[in-house]
Amino acid sequence: MPAQSIKPPAPNVDFYDLAGTLTPGELALVEQVRAFMRTKVAPIIDEYWIEDAFPFELLPAFKELNLGGLGLEGYGCRGGSAKLYGFVAMEMARVDPSFCTFFGVHDGLAMGSIYFDGSDEQKRTWLPPMARLEKIGCFGLTEPEVGSGAAGGLMTTARREGDAWILNGRKTWIGNAPWCDISIIWARDVADSQVKGFIVENKLTPGLSVEKIEHKISLRVVQNGLITLDNCLVPEANRLLSANSFKDAARVLRKTRFAVGWMATGCQMGAYEHAVAYALERHQFGKSIAAFQLVQDLIAKMLGNVTACQCLLLRLAAMADEGKVQDAHDSLAKSFCTARMRETVAWAREILGGNGIVLDYEVARFFADAEALYSYEGTLQMQNLIVGKAVTGHSAFV
Ligand SMILES: Cc1cc2nc3c(=O)[nH]c(=O)nc-3n(C[C@H](O)[C@H](O)[C@H](O)COP(=O)(O)OP(=O)(O)OC[C@H]3O[C@@H](n4cnc5c(N)ncnc54)[C@H](O)[C@@H]3O)c2cc1C
């Protein structure tokens, strides 16, 4: 009797039913985001990736999702739990880590800086138009000479002159910078050597210029810029009033590292889904490659990585919503999930053989984009040093 052919199940990237923990309202929003990503983003994103360009054509439909200020309360923000923020980020990155990064920089880093470090008046002024995505923001911390060592080494300076500040320096890798409206610039006050944050209006500040960073091999859709600040005059009213040291910038980064954990998980999910679908379709030696033991081993290892990250993040989100999270918790999530992501996307690429390096077969974009997620918002080494300090009590920085 011939072997019975069975219809293979669709790849299930929610193997432990995490979606079952969402409320009906949360699930509805996640499904809306999924529909947007699948119907609007997925069909066009490869072309933008090739062109190294941002898909401005998506912004009107994206605005309709009303996601601005997700995870932040009041001031016209969408609000919602840490868990909801995580699920939305994961869902976006599952289709396109670049588009998710654009949103993360605006919502998490730029709006987050004003939300956590701004005065009530500053929040009332800046957050509503940013929540409506009328004004888009970026976050300028990294400098050409200072990346991982930003805590003690920022070279951009801020000098008080009457009711204003004069900023001088350079910021590199800044996502959204080539086209956005507002930059959060972190600079060292020459008077007390402390790091302070400033809201700088890109298009209205003489002396501010941005050069696009070209030739990236990762997250090509996100536009990164090198910002030069040449005697930029910023009113005292635009200094983030609760940002008095690097710790206040780090408070923003803690939240966004949590988000990068979710994005790294979404990136793996996208690569996994496409790899399993490909394995089911591709035939060698007269049968589907999905029927080979060694291919199933890769599939099981990928699913194990995805599921481990999802479960870790779900628990971390619950701790965040209970106010129990410390720096090291977020750092461990960022380093663990991005390291697992790097393995997963490489295994997905492997399953596609030669087609794994061609953009047309979907997995290559996740493979390439994973590299930036792995390094930004603090490298694996920096996160593990934070974890190591919390565990041992010894700071091994430097
Ligand atoms: C696509 C992309 C987008 C980004 N977006 C932004 C943004 O919007 N805003 C922003 O401010 N920044 C942004 N960044 C910058 C990012 O946060 C930095 O690239 C990152 O923090 C690492 O800094 P670096 O690249 O200067 O590497 P370096 O600090 O030079 O590190 C190089 C290597 O040395 C290792 N290393 C350094 N110090 C130590 C140590 N003490 N012990 C052990 N190992 C060490 C690092 O782990 C790394 O492997 C972005 C980066 C990328 C690639």
Side-chain angles (χ1 to χ4, degrees), residues 105-127 129-130 135-213 222-253 256 376-378:
V105 169
H106 170 71
D107 195 282
L109 286 170
M111 291 183 73
S113 296
I114 297 170
Y115 186 82
F116 292 113
D117 290 333
S119 65
D120 185 57
E121 192 182 338
Q122 287 171 332
K123 291 181 210 182
R124 279 191 276 116
T125 304
W126 299 100
L127 292 178
M130 292 176 84
K135 292 219 179 283
I136 299 295
C138 73
F139 178 91
L141 177 66
T142 307
E143 300 179 357
E145 311 303 331
V146 187
S148 302
L154 283 194
M155 294 163 79
T156 298
T157 56
R159 186 166 37 85
R160 179 93 188 241
E161 276 198 7
D163 273 349
W165 293 79
I166 311 292
L167 303 189
N168 277 293
R170 291 192 303 159
K171 297 287 173 185
T172 193
W173 282 120
I174 312 307
N176 302 342
W179 59 275
C180 74
D181 308 284
I182 296 163
S183 296
I184 305 298
I185 297 291
W186 298 94
R188 187 168 301 285
D189 181 351
V190 293
D192 63 7
S193 265
Q194 294 299 325
V195 170
K196 298 189 172 151
F198 299 86
I199 304 166
V200 183
E201 295 193 72
N202 291 21
K203 292 157 191 167
L204 303 176
T205 308
L208 185 148
S209 57
V210 185
E211 196 182 314
K212 179 182 162 180
I213 295 176
V222 181
Q223 303 296 289
N224 292 89
L226 169 68
I227 301 178
T228 300
L229 302 139
D230 181 10
N231 285 317
C232 290
L233 191 75
V234 179
E236 160 67 3
N238 285 18
R239 178 175 65 82
L240 290 172
L241 288 183
S242 301
N244 298 312
S245 75
F246 185 79
K247 281 194 178 138
D248 298 313
R251 183 167 44 184
V252 181
L253 290 170
T256 53
Y376 71 26
E377 304 258 357

Side chain to side chain contact (heavy atoms under 4.5 Å, CB included) with M111: of V252, I182, L127, I184, only one passes, and it is L127
- Decide, yes or no, whether a salt bridge links K123 with E121 under the criterion of side-chain N to carboxylate O below 4.0 Å. no
Practice problem: Measure from the side-chain N and O atoms of R188 to the backbone N and O of L154, and report whether any donor-acceptor pair falls under 3.5 Å. | Solution: yes
Okay, side chain of H106, backbone of I136: is any donor-acceptor separation there less than 3.5 Å? no
Exercise. Could R160 and D189 be called an ion pair, given the rule that one side-chain N must be under 4.0 Å from one carboxylate O?
Worked result: no
- Message: Under 4.0 Å between a side-chain nitrogen and a carboxylate oxygen: does that hold for D248 and R251?
- Response: yes
Look only at the side chain of S119 and the backbone of Q122, and say whether a donor-acceptor pair between them is shorter than 3.5 Å. yes
### Message
Side chains of S183 and N202: any donor to acceptor distance under 3.5 Å?
### Response
yes
Self-check item: Sidechain-backbone polar pair: N176 side chain, C138 backbone, donor-acceptor under 3.5 Å
Solution: no
(message) I'd like to know if the side chain of T256 pairs up with that of E377 as donor and acceptor (distance under 3.5 Å, no hydrogens or angles considered).
(response) yes
Sequence neighbours excluded, the answer for side-chain hydrogen bond (donor to acceptor under 3.5 Å, both in side chains) partners of W186 is none
Test item: side-chain donor near acceptor, E236 and W165, under 3.5 Å:
yes
Is it true that the side chains of E143 and T172 contain a donor and an acceptor less than 3.5 Å apart? no
